[in-house]
Amino acid sequence: MKALGSSARADARIYVVGGASAVLLEWRDATVDLDLKITPETDEILRNLPVLKERLQMNIELASPDHFIPELPGWQGRSQFIRQEGRLSFFHYDFYAQALAKIERGHAVDLLDVRQMVDRGLVDLGRLLELFTAIEGQLFRYPALDPPTFRQAVERVVSQGISSEQ
């Protein structure tokens, strides 16, 4: 954050996603890569990412839940502020969107992350189902998704709590 912030000459928001949120909130010790969403994407920030990637010896990707599921209404307002570094504001990408993307993917580590989000009060399961319902009509825009299977996975998480088995 400091390295990116020190080189930015324009205001932007950086949203951290997935393992980066887990590490920053200390329910995981490490992550394989750093997933980010930058708004607005500027050439300056994008050109700095490979330099930062090499310096930190870390995989950095532009990846966020809206690449895999429809954008949730109000996601920016629910994104938690982390800190300001220079002209960049850093946020955790909306935990509801992160949780739904992780439920859709369904890996054991993803479901453990969702458990942490719920246990830490970052996600309310009732609200999670409401937000899923709000985007359900847009799932056709993501051909890799199977809407009935996705709904079943969300309902299972909501009704039975988080399980490491699907």
Side-chain angles (χ1 to χ4, degrees), residues 1 4-5 11-41 59-85 88-166:
M1 288 186 246
L4 274 179
D11 294 339
R13 289 178 162 224
I14 310 289
Y15 296 91
V16 298
V17 181
S21 286
V23 170
L24 287 171
L25 293 173
E26 300 179 341
W27 75 72
R28 276 206 238 155
D29 293 330
T31 184
V32 175
D33 51 24
L34 175 59
D35 294 336
L36 304 172
K37 178 178 182 78
I38 303 166
T39 61
E41 285 187 359
N59 188 31
I60 300 174
E61 295 185 23
L62 298 178
S64 58
D66 59 309
H67 291 141
F68 307 102
I69 64 171
E71 188 175 278
L72 297 185
W75 72 270
Q76 288 178 316
R78 286 187 305 274
S79 295
Q80 283 189 5
F81 180 74
I82 301 169
R83 73 172 174 243
Q84 185 82 25
E85 290 289 346
L88 302 182
S89 300
F90 290 85
F91 294 82
H92 293 284
Y93 195 103
D94 175 29
F95 286 108
Y96 287 94
Q98 289 195 54
L100 285 171
K102 287 175 174 292
I103 291 167
E104 192 284 319
R105 196 161 73 170
H107 296 242
V109 70
D110 292 322
L111 296 175
L112 290 173
D113 285 345
V114 175
R115 160 69 71 198
Q116 286 294 325
M117 291 177 205
V118 171
D119 289 350
R120 291 166 180 262
L122 302 169
V123 168
D124 171 79
L125 292 173
R127 182 73 175 129
L128 185 72
L129 183 57
E130 290 172 11
L131 288 166
F132 172 78
T133 301
I135 63 165
E136 193 169 18
Q138 297 299 310
L139 294 177
F140 72 92
R141 296 179 181 275
Y142 295 76
L145 296 179
D146 178 56
T149 302
F150 190 9
R151 173 167 267 289
Q152 289 171 355
V154 172
E155 288 176 344
R156 185 170 33 256
V157 166
V158 170
S159 69
Q160 301 174 0
I162 310 300
S163 169
S164 61
E165 299 177 338
Q166 283 228 34

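- Looking only at distances, a side-chain donor or acceptor of Q98 sits under 3.5 Å from a matching main-chain atom of G18.
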query: Would I103 and L128 satisfy side-chain contact (heavy atoms from CB on, under 4.5 Å), going step by step from the backbone distance to the final call?
result: CA-CA 11 Å; I103 291 167; L128 185 72; 3.7 Å; yes
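- Considering CZ of R127 and CZ of F132, their distance stands at 14.5 Å, rounded to 0.5 Å.
- Atom CZ in R13 sits 3.5 Å away from atom CZ in F91 (nearest 0.5 Å).
- For E155, the salt bridge (Lys or Arg N to Asp or Glu O under 4.0 Å) partners two or more places apart in sequence, or in a different chain, are R151.
- L62 places a side-chain heavy atom less than 4.5 Å from the side chain of E41.
- With rounding to the nearest 0.5 Å, the separation of CD in E136 from CG in L145 is 11.5 Å.
- Judged as a ring pair (Phe, Tyr, Trp, His ring centres under 6.0 Å), and not counting sequence neighbours, Y96 has no contacts.
- Judged by distance alone, the side chain of R120 and the main-chain N or O of L25 form a donor-acceptor pair under 3.5 Å.
- Closest approach of P70 and L139 over heavy atoms only: CD-CD2, 3.5 Å.
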- request: List the steps and the verdict of side-chain contact (heavy atoms from CB on, under 4.5 Å) for I82 and H92.
  value: CA-CA 7 Å; I82 301 169; H92 293 284; 3.5 Å; yes
- request: Determine, stepwise, if the pair V123 / V114 fulfils side-chain contact (heavy atoms from CB on, under 4.5 Å).
  value: CA-CA 8 Å; V123 168; V114 175; 5.7 Å; no
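- Nearest heavy-atom pair across K37 and S64 is CD-OG, 3.7 Å.
- Atom CG in D113 sits 6.0 Å away from atom CH2 in W27 (nearest 0.5 Å).
- Of all the heavy atoms in G106 and L111, the pair that sits closest is O-CD1, 4.0 Å.
- Between I69 and A97, the shortest heavy-atom distance links the atoms CD1-O, 3.8 Å.
- To the nearest 0.5 Å, atoms CD (Q80) and OG (S21) are separated by 8.5 Å.
- The NZ atom of K102 sits 4.5 Å away from atom CG of D110, with the distance rounded to the nearest 0.5 Å.
- In this structure the side chain of V32 never reaches within 4.5 angstrom of the side chain of N59, judged on heavy atoms.
- Remark: Q138 engages R141 in a side chain to side chain donor-acceptor pair (under 3.5 Å) (not counting sequence neighbours).
- Nearest heavy atoms, T31 versus R28: OG1-NH1, 4.1 Å.
- Residue Y15 forms a ring pair (Phe, Tyr, Trp, His ring centres under 6.0 Å) with just one option from F95, W75, F81, and that option is W75.
- Across all their heavy atoms, L36 and I14 have their closest contact at CD2-CG2, 3.7 Å.
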- request: Show the numbers, then the answer: is there a side-chain contact (heavy atoms from CB on, under 4.5 Å) between H67 and D35?
  value: CA-CA 12 Å; H67 291 141; D35 294 336; over 6 Å; no
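- Without hydrogens or angle criteria, S79 side chain to D94 main chain gives a donor-acceptor distance under 3.5 Å.
- Side-chain N or O atoms of R78 include one that pairs as donor or acceptor with a backbone N or O of P73 at under 3.5 Å.
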